[in-house]
Every structure is written in C-alpha cells, then in structure tokens.
Amino acid sequence: MPLTLLLHAGGGDTTPWRDAFARHIPEAVVHDWPCDDVADYAAVWAPPRALFEGRAGLRAVFSLGAGVDHMLPVMEMLRGTRLLRIEDAGMADQMVEYALHGVLSHQRRMFTYAAQQRGRAWVRHPARSRASVTVGVLGLGVLGGAVARALAAFGYTVRGWSRRGAPLEGVAVYAGDAAFGDFLAGCEVLIDMLPLTPATENLLRRETLTRLPRGATLINLARGRHVVDDDLLALLDEGHLGAAVLDVFRGEPLAAEHPLWSHPRVVVTPHVAALSLPDGCAAQVAEKIRRIERGLPVTGEVDLDAGY
Ligand code: NDP
Ligand code: OXD
C-alpha cells in the first residue's frame, strides 16, 4: 500500500504544495482535503475541526508553519497523535532580514526622520554605533535564536529571553519569569519571537512595556495576542515607545478601522515576516515521514502540554 498524505493549506491553493510533495516524496499519494480517503499523515495549516473527524489512524500531523497555536484546539480530537512543526526550512533567513531592517531603522532613526519629513523639518541627529544599541529577543528557539545570532554577528549588543535559558554564543541569555524585568530594562529594541501559549498571551502590556527605556521600538514578528493593543497605542502616544513594527495582529487581516493602520509611529505588514516555502517545507516533512516509517527519532515534535 502506498503512503497517503492529507493536505490542507489553510484554504489556499494547494498546487505549489502538491508539486513540492511530488518532488520530495513521490512514493506518497497526496489527497486534498475535503476527502474521505484514509490517510497515514496530514500536512495542514489552520485546519477546520471537520478535517480531523474520524482520523484517529493518523501516524503524525505536520503543521505547515513554525507556530502551532492554530493546531492545538483541533489536536484535542486526536489524543496520542504526534504533532510536528516546520523548523526553519527557509524561514530563519527571512526573519533575520525583517528583524535587521527593523533594528537598522531604529538605529538610523528612520522612524524619526519619517515623522520629520511629514513636517518638512530638516533636523540632523547624531550618529550611533551598532554596539551602542541593545536589542532584546524574546524567544531563542529555531527562529529567535537565528535572529539573535545574526544581530550579534552584525555588531549589536544582544540579549535574549527564553523559558529554560540555554546559552547562546554572543548573546546574554535571561531565563524565565524571574529574569523578565531585568531583561526588559536594557532593551532599546524588543523583538518578539515567542510562540503563543497561555504563558505568553498578553505578555506585552503596559506593566511590562514600561520597563523598556523611553523611546524603545517594539518589533512583533510572532503573534498579535502577545500584545495588549490599547496599551501599545497609549505608550506610543505618550512617547514611552518610539515606534512599533508589527507583522502580526490579534485579528488577521487587521480590521480596516483599526487605529494601528494609521498611527504615524507604527509600521504594519500583513503577516509576511517569514513565509512557509513549499519546497523547503515539503523536503523537511518528507524526510521526517521517512524517519518515522523507519522508527527513527525526529526533531520538531511539539510538546502539547507546553503548547510549542
Ligand atoms: P521555537 O519553538 O523553536 O522557540 C520558541 C522559543 O520561545 C524557545 O526559546 C522557548 O524557550 C521560548 N519560550 C516559549 N515559552 C516561553 C515562556 N513562557 N517564557 C520564555 N520563553 C518562552 O519557535 P520558533 O523559533 O520556530 O518560532 C517562534 C514563533 O515565531 C512561532 O511560534 C510563531 O508564533 C512565530 N512565527 C511567525 C511568523 C511570521 O511570519 N510572522 C512565521 C513563523 C513563525 P526554551 O528555548 O527554553 O524552550
Ligand atoms: C508560522 C507563521 O507560524 O506563518 O509559521 O506564522
């Protein structure tokens, strides 16, 4: 019997995914959902609950992205089934580019010059070295770790915050809730690279964001539900925060009437910091399926209790 793979790309066109799976795992038969055929594996993004009805036979489920918050409620229907996520597969480079652009904009005062341009103000500010800018990265996993390492290699002073505090060369690592306040106190730029879990939801609110030095920039590349929007907007208006670069939002697409669209100190992008690339993702999923079939260990398995 050939291997069977159930595919759902968040309701979008599955053609690039089908082509990529055909290249990387030609021995598998790929079924687009909806369909009733039995499947050994599922590779999905934002699946509806109906997709997992009667699917207790799945050997593993793959999320076609790095974050799994969209998967956790539906995985409750498949107790005991393994959930795996994409690790990098071309996303880390994209995250590094986006983060670097945001940090350079802060260092080179592009947010200030954009505001000056609107007022036709010709005002020069002093130059700053990269090392004089301390950047904090929240979350030092596959993507956050890549961002922290790249910024440190480029010459910024980098600190990072993670749950367990595994060391990272060139980065001052702070571990756990007890160290969060000290971590924030020095960060002129804060980059959010955390997963969305009950512990990280609403983490970035007035009480925590006011720990950042005055004029700090927030760059959110992770999940909108980490941020309390009203607190963010108030801190921007009060000048405590100098700018926010936001790729992710509590509700996506961001509602047309949302004040973040038009705030002069906010940059909005439509959840594009790191796109899942079908070729790289299919290659990774194919390799993991082959390892599972041979009884070998695989990386990227989600701890369903921790939520990431
Ligand atoms: P990982 O699972 O590899 O890393 C998660 C990191 O967060 C780990 O360092 C972990 O700590 C840390 N962490 C988790 N919970 C806590 C907590 N309560 N307190 C402190 N640290 C915590 O994830 P990735 O790096 O692969 O991806 C990160 C996120 O990026 C995704 O979950 C997703 O939300 C977002 N993303 C956004 C995209 C976009 O286009 N905007 C695209 C892709 C991903 P520890 O190391 O100790 O376990
Ligand atoms: C992801 C995302 O988690 O695209 O991969 O946000």
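Read the numbers this way: they start at 1 and go in the same order the structure lists the ligands and their atoms. What you are looking at is a predicted structure, and each value in this text was computed from that prediction instead of being measured. Excluded from the calculations below are hydrogen atoms, water molecules and symmetry mates; all remaining heavy atoms, backbone and side chain alike, are included.
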Go through ligand 2 atom by atom and flag the ones less than 4.0 Å from a non-hydrogen atom of [X].
{"X": "R223", "value": "1 (C), 2 (C), 3 (O), 6 (O)"}
{"X": "G65", "value": "5 (O)"}
{"X": "H271", "value": "2 (C), 4 (O), 6 (O)"}

May I ask whether [X] has any heavy atom positioned less than 4.0 angstrom from an atom of ligand 1?
{"X": "Q94", "answer": "no"}
{"X": "G144", "answer": "yes"}
{"X": "G65", "answer": "no"}
{"X": "L196", "answer": "no"}

Could you tell me which atoms of ligand 1, counted from 1 in the order shown, lie closer than 4.0 angstrom to a heavy atom of [X]?
{"X": "A66", "value": "26 (O), 43 (C), 44 (C)"}
{"X": "L194", "value": "7 (O), 12 (C), 13 (N), 21 (N), 22 (C), 29 (C), 34 (O)"}
{"X": "R164", "value": "45 (P), 47 (O), 48 (O)"}
{"X": "M193", "value": "28 (C), 29 (C)"}
{"X": "D247", "value": "39 (C), 40 (O), 41 (N)"}
{"X": "A274", "value": "39 (C), 40 (O), 42 (C)"}
{"X": "A199", "value": "18 (N)"}
{"X": "M91", "value": "43 (C)"}

Looking only at distances, please establish whether an N/O atom of ligand 1 is found under 3.5 Å from an N/O atom of [X].
{"X": "D69", "value": "no"}
{"X": "D177", "value": "no"}
{"X": "R223", "value": "yes"}
{"X": "L140", "value": "yes"}
{"X": "G141", "value": "yes"}
{"X": "L221", "value": "yes"}

Which residue and atom name correspond to the protein heavy atom nearest [atom], and how close is it?
{"atom": "atom 26 (O) of ligand 1", "answer": "R85 NH1, 2.9 Å"}
{"atom": "atom 3 (O) of ligand 2", "answer": "G67 N, 2.6 Å"}
{"atom": "atom 25 (O) of ligand 1", "answer": "L143 N, 2.8 Å"}
{"atom": "atom 5 (O) of ligand 2", "answer": "A66 N, 2.7 Å"}
{"atom": "atom 32 (O) of ligand 1", "answer": "P195 CA, 3.3 Å"}
{"atom": "atom 15 (N) of ligand 1", "answer": "Y308 CE2, 3.7 Å"}
{"atom": "atom 46 (O) of ligand 1", "answer": "S162 CB, 4.0 Å"}

Verdict with supporting geometry, I25 and R290, side chain to side chain contact (heavy atoms under 4.5 Å, CB included): CA-CA 9 Å; I25 187 158; R290 291 201 183 95; 3.9 Å; yes
Does the pair D69/R223 count as a salt bridge with the N-to-O cut at 4.0 Å?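 The answer is yes: the pair qualifies as a salt bridge.
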Please determine whether a side-chain nitrogen of the Lys or Arg among E301 and K288 lies less than 4.0 Å from a carboxylate oxygen of the Asp or Glu.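 So E301 does not pair with K288 through a salt bridge.
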For the residue pair [X] and [Y], what are the closest heavy atoms and their distance?
{"X": "L84", "Y": "A60", "value": "CD1-CB, 3.8 Å"}
{"X": "H263", "Y": "L233", "value": "CD2-CD2, 3.8 Å"}
{"X": "G181", "Y": "R211", "value": "CA-NH1, 3.6 Å"}

Ligand 1-proximal atoms of [X], by part, heavy-atom distance under 4.0 Å:
{"X": "V248", "result": "side chain"}
{"X": "M95", "result": "side chain"}
{"X": "A273", "result": "both"}

Verdict with reasoning, W161 to D177, per side chain to side chain contact (heavy atoms under 4.5 Å, CB included): CA-CA 9 Å; W161 185 66; D177 294 344; 3.9 Å; yes
Angle class for the W33/H8 ring planes (parallel below 30°, perpendicular above 60°, tilted otherwise)?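 Perpendicular, since the angle between the ring planes exceeds 60°.
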Apply side chain to side chain contact (heavy atoms under 4.5 Å, CB included) to residues D37 and T4 and explain how you reach the verdict. CA-CA 9 Å; D37 296 271; T4 47; over 6 Å; no
Going by atom types only, do Y308 and T200 share a side-chain donor-acceptor pair under 3.5 Å?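 Result is no, nothing qualifies.
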Hey, are E188 and Y156 close enough side-chain-wise for a donor-acceptor pair under 3.5 Å?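 No.
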Test item: P2 and E27 side chains (from C-beta on) under 4.5 Å apart, heavy atoms: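 When only atoms from C-beta onward are counted, E27 and P2 do not touch, as no gap falls below 4.5 Å.
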Do other residues, nucleotides or ligands put more than 12 heavy atoms under 6.0 Å from the CZ atom of R250?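 Yes, CZ of R250 has more than 12 neighbouring heavy atoms, counting only those of other groups under 6.0 Å.
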As a check for students: among H70, R225, R163, identify the option with a heavy atom nearest to atom 11 (O) of ligand 1. R163
May I ask which of W161, F180, Y98, Y174 has a heavy atom nearer to atom 19 (N) of ligand 1 than the others do?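 Heavy atom nearest to atom 19 (N) of ligand 1 belongs to W161.
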